[in-house]
Amino acid sequence: MLVRLSHPDGVIVGWRTVPETAGSGRTAEARVTGRHLLREALSLLGVADTGIRQRCEVCGGVDHGPLRSDDAAISVAYAPGVVVAAAAHARAIGIDVERDAGALPGLDALFAPSPPPDAGGWTAIEAALKADGRGLRVDPATVVVADGRARVPGHDRTIAVHRVTGPAGYVVSLAIDPA
């Protein structure tokens with residue numbers, strides 16, 4: 001399923017279910033599904049598929065790191081059983097998905113001594129860090145999300161964050177830097 005959002009204007013968001021596995025959900029099949037979703041989203045934006053590239057800016061690996069397209073901002077995220085993707089004519093975009101399970105295990109240490117965010121708060125932080133371009137190289141506990149905006153240390157302006165409708169049982173957040 002792909003939809004063009006009216007707010008934020010013109011962003012294409014889509015998701016597909018994939019076989020559920022343990023862990024992050026980032027399986028080979030999920031990665032292929034994510035690339036298909038991105039190509040479909042780029043087509044709906046009217047952007048020619050000039051190739052989706054991925055390269056880690058730290059180690060140079062091509063199996064992780066930010067996704068790039070020549071004429072649009074793109075992002076993809078995985079959770080067990082689902083892949084979500086987004087594309088827009090924007091400076092940068094980030095999307096994240098988690099099961100809508102309230103508290104997420106494993107976040108306590110990242111946010112100590114403060115309590116960790118729930119699934120919605122965590123997806124907003126992750127989406128903002130993707131839109132920022134540095135991902136988890138920025139300490140997620142330093143990101144402040146309030147009133148639909150995220151402030152990421154070292155980023156020169158705030159990033160808009162939106163909760164978007166996704167598949168039942170999941171929370172999806174979208175962050176966009178429109179400039």
Side-chain angles (χ1 to χ4, degrees), residues 1-20 24-27 29-55 64-100 117-135 143 145-152 155 157-179:
M1 169 166 199
L2 286 166
V3 295
R4 182 181 302 270
L5 302 179
S6 59
H7 183 76
D9 187 34
V11 176
I12 307 294
V13 174
W15 65 86
R16 294 247 166 78
T17 59
V18 292
E20 192 163 325
S24 69
R26 191 176 299 148
T27 63
E29 181 177 347
R31 288 173 53 86
V32 168
T33 300
R35 298 309 184 273
H36 285 298
L37 276 170
L38 288 171
R39 285 184 186 91
E40 290 174 30
L42 289 169
S43 176
L44 286 174
L45 282 177
V47 173
D49 182 4
T50 57
I52 296 167
R53 299 171 308 285
Q54 187 171 27
R55 184 173 181 277
H64 60 281
L67 292 163
R68 303 278 187 242
S69 173
D70 289 337
D71 298 312
I74 58 175
S75 185
V76 68
Y78 310 91
V82 70
V83 179
V84 296
H89 293 292
R91 179 179 198 178
I93 195 167
I95 194 162
D96 195 53
V97 61
E98 293 286 349
R99 287 189 189 279
D100 191 3
D118 63 8
W122 177 245
T123 60
I125 290 169
E126 282 249 82
L129 290 173
K130 287 179 179 183
D132 169 74
R134 293 176 289 160
V143 177
V145 178
D147 301 322
R149 308 293 298 174
R151 181 162 305 283
V152 178
H155 197 82
R157 63 188 159 277
T158 60
I159 298 169
V161 180
H162 307 271
R163 180 80 55 91
V164 296
T165 301
Y170 293 88
V171 176
V172 180
S173 290
L174 174 76
I176 186 164
D177 189 350

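Since the structure is predicted, the reported quantities are computational estimates derived from the model, not experimental observations.
Considering all non-hydrogen atoms of both residues, Ala131 and Ala92 come closest at O-CB, 3.1 Å. Across Ala77 and Lys130, no two heavy atoms sit closer than the pair CB-NZ, 3.4 Å. Residues Ala90 and Ala73 come closest through the heavy atom pair O-CB, 3.7 Å. In plain terms, the two heavy atoms of Ala119 and Arg99 that are nearest each other are CB-O, 3.5 Å. Considering all non-hydrogen atoms of both residues, Val11 and Ala88 come closest at CG2-CB, 3.8 Å. Scanning all heavy atoms of the two residues, the minimum distance from Gly34 to Val76 falls at CA-CG2, 3.9 Å.
Using a cut-off of 4.0 Å between Lys/Arg side-chain N and Asp/Glu carboxylate O, Arg149 and Asp147 are scored as not salt-bridged.
Scored by the side chain to side chain contact (heavy atoms under 4.5 Å, CB included) test, Ala30 finds Val18, Thr27, Tyr78, Val83 as partners (sequence neighbours excluded). Residues passing the ring pair (Phe, Tyr, Trp, His ring centres under 6.0 Å) test with His155, sequence neighbours excluded: none. Applying the salt bridge (Lys or Arg N to Asp or Glu O under 4.0 Å) criterion to Arg39, with sequence neighbours excluded, gives Asp49.
The backbone N or O of Ile95 lies less than 3.5 Å from a partner atom in the side chain of Ser75, making a donor-acceptor pair. No side-chain donor-acceptor contact under 3.5 Å links Arg16 to the backbone of His36.
The structure places CG of Leu67 at 5.0 Å from CD1 of Ile74, a figure rounded to the nearest 0.5 Å. For the atom pair CZ of Arg31 and CZ of Arg26, the computed distance is 7.5 Å after rounding to the nearest 0.5 Å. To the nearest 0.5 angstrom, Asp100 atom CG is 10.5 Å from Glu98 atom CD. With rounding to the nearest 0.5 Å, the separation of CG in Leu37 from CG in Leu2 is 5.5 Å. Taken to the nearest 0.5 Å, the OH atom of Tyr170 stands 13.5 Å off from the OG1 atom of Thr123. Arg163 contributes atom CZ, which lies 12.0 Å from atom CG of Leu174 (distance to the nearest 0.5 angstrom).
You'll find the side chain of Glu126 stays beyond 4.5 Å of the side chain of Ser173, heavy atoms only. Ile12 is not listed as a side-chain neighbour of Glu40, based on a closest heavy-atom distance of 4.5 Å or more. With a 4.5 Å cut-off on side-chain heavy atoms, Leu38 and Ser69 do not count as touching. At least one side-chain heavy atom of Ile125 sits less than 4.5 Å from a side-chain heavy atom of Pro117.
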* Asked: Can you list the steps and then say if Arg134 with Val152 is a side chain to side chain contact (heavy atoms under 4.5 Å, CB included)?
  -> CA-CA 10 Å; Arg134 293 176 289 160; Val152 178; 3.6 Å; yes
